[in-house]
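The next block holds one structure in the form of structure tokens; read it before the comments.
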There are 2 protein chains.
Amino acid sequence: MTDCKIQNVEAIRDSAGQACSMLKILANEDRLMLLCQLTQGEKNVGELEAATNIQQPTLSQQLTILRKDNIVNIRKDGKFNYYSIASDEVIQVMQTLGSLYGCNK
Amino acid sequence: MTDCKIQNVEAIRDSAGQACSMLKILANEDRLMLLCQLTQGEKNVGELEAATNIQQPTLSQQLTILRKDNIVNIRKDGKFNYYSIASDEVIQVMQTLGSLYGCNK
DNA sequence: TTTATATATTATAAATTTATAAATTATTAT
DNA sequence: ATAATAATTTATAAATTTATAATATATAAA
């Protein structure tokens with residue numbers, strides 16, 4: 001069921017490219033902190049700020065990157081903007097990272 | 001068993017930092033291609049070159065990065081240098097990536 | 001309508017990474 | 001020794017990312 005057709009170099013490079021696009025987004029300490037928080041559920045910017053100690057403009061900037069790459073969803077409610085993880089792939093990778101480096105290491 | 005103590009911000013940042021160091025290394029298309037090949041077992045530089053179409057000096061440069069960060073082992077045999085994955089964490093992450101983007105997607 | 005709170009945007013300098021070319025080292029075969 | 005093959009190292013320009021500061025927008029409360 002997890003059988004693997006022999007793939008040519010270009011097919012592999014294509015997969016590597018996709019995986020790499022995602023990894024580039026995760027490979028930043030601030031973004032990783034934010035996503036780590038969001039694995040626990042939806043949070044607004046103020047909550048993320050408190051939980052990460054990332055200064056507000058930087059945080060907002062990193063959230064913008066995550067939004068543009070469709071890694072997170074935004075939901076506006078009054079003055080508050082609530083974020084949550086949109087990408088199943090990211091959830092899976094965060095789970096693996098959590099088991100390797102996180103609280104249940 | 002996977003219970004989680006409440007962690008302070010600095011402890012979480014520390015974990016994020018460790019995970020991030022690893023992700024930065026994976027977040028490059030060439031290095032990812034190379035590691036993808038090495039998940040299938042030890043290979044020498046020429047074999048890696050043929051399997052990835054990465055030009056030789058670039059490939060050697062990326063292998064140097066992987067070596068310095070203890071992601072791969074090198075074993076010299078005559079004119080040939082054989083590489084293999086040294087990091088269990090990397091193996092685990094590659095496995096997750098493989099299931100998301102790879103042949104058994 | 002003024003003020004305060006929450007958040008986002010813009011701009012720019014500094015740092016890091018990537019791409020590319022040239023030169024060098026190591027081992028084996030002739 | 002000389003040549004050939006396998007691989008690494010060095011150098012540098014180009015591109016991307018990160019850090020930092022200043023400014024702007026949106027909503028709600030007074």
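To find a chain, count down the sequence lines: A is the first, B the second, and so on, and within it residues start at 1.
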* If the sugar-phosphate is the primed atoms plus P, OP1 and OP2 and the base is the rest, what is the B/S/- string for nucleotides 17-30 of chain C, using protein heavy atoms under 4.0 Å? -> -SBB-B----BS--
* To do: Could you tell me whether A/Ile74 contacts a base, only the sugar-phosphate backbone, or nothing, with contacts defined as non-hydrogen atoms closer than 4.0 Å?
  =>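 Answer is sugar-phosphate: A/Ile74 comes under 4.0 Å of backbone atoms only.
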* Under 4.0 Å between any heavy atoms, over every strand shown, what does A/Tyr82 touch: base, sugar-phosphate, or nothing? Just pick one. =>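 Nothing: the residue A/Tyr82, judged by heavy atoms under 4.0 Å, touches no strand.
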Distance in angstrom units between [X] [atom1] and [N] [atom2], rounded:
X       : N      : atom1 : atom2 : answer
A/Leu48 : C/dA6  : CG    : C1'   : 13 Å
A/Lys43 : C/dA6  : NZ    : C1'   : 18 Å
A/Ile25 : D/dT16 : CD1   : C1'   : 14 Å
A/Arg75 : C/dT7  : CZ    : P     : 12 Å
B/Glu29 : D/dT16 : CD    : P     : 14 Å

* When you look at A/Arg67 and A/Tyr83, which way does the side-chain hydrogen bond (donor to acceptor under 3.5 Å, both in side chains) test go after all the steps? -> CA-CA 9 Å; A/Arg67 242 186 299 122; A/Tyr83 285 89; 3.2 Å; yes
* To do: Output the rest of the hydrophobic cluster of B/Ile65: all Ile, Leu, Val, Met, Phe, Trp and Tyr residues reachable through side-chain heavy-atom contacts under 4.5 Å, sorted by chain and number.
  =>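 In the cluster with B/Ile65 there is nothing else; it is isolated.
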* Indicate yes or no for a side-chain donor-acceptor contact from B/Asp69 to the backbone of B/Ile71 under 3.5 Å, with no hydrogens or angles considered. =>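 Pair absent, no side-chain N/O of B/Asp69 close to backbone of B/Ile71.
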* Look only at the side chain of A/Arg31 and the backbone of A/Gln62, and say whether a donor-acceptor pair between them is shorter than 3.5 Å. =>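 Not at all, since once roles are kept as given, no pair shorter than 3.5 Å links the two residues.
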* **side-chain N/O A/Ser60 vs C/dA8 OP1/OP2, d < 4.0 Å** =>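 Yes, because at least one side-chain N or O of A/Ser60 sits under 4.0 Å from OP1 or OP2 of C/dA8.
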* At under 4.0 Å, does any side-chain N or O of A/Asn44 touch on OP1 or OP2 of C/dA6? ->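 Looking at the OP1 and OP2 atoms of C/dA6, neither is under 4.0 Å from any side-chain N or O of A/Asn44.
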* Kindly give the heavy-atom pair with the smallest separation between B/Glu49 and B/Ile54, and that separation in Å. =>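 Here B/Glu49 and B/Ile54 meet closest at CG-O, 3.4 Å.
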* To do: Mark yes when over 12 heavy atoms from residues, nucleotides or ligands other than B/Gln95 sit less than 6.0 Å from its CD; otherwise mark no.
  =>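 No, not enclosed.
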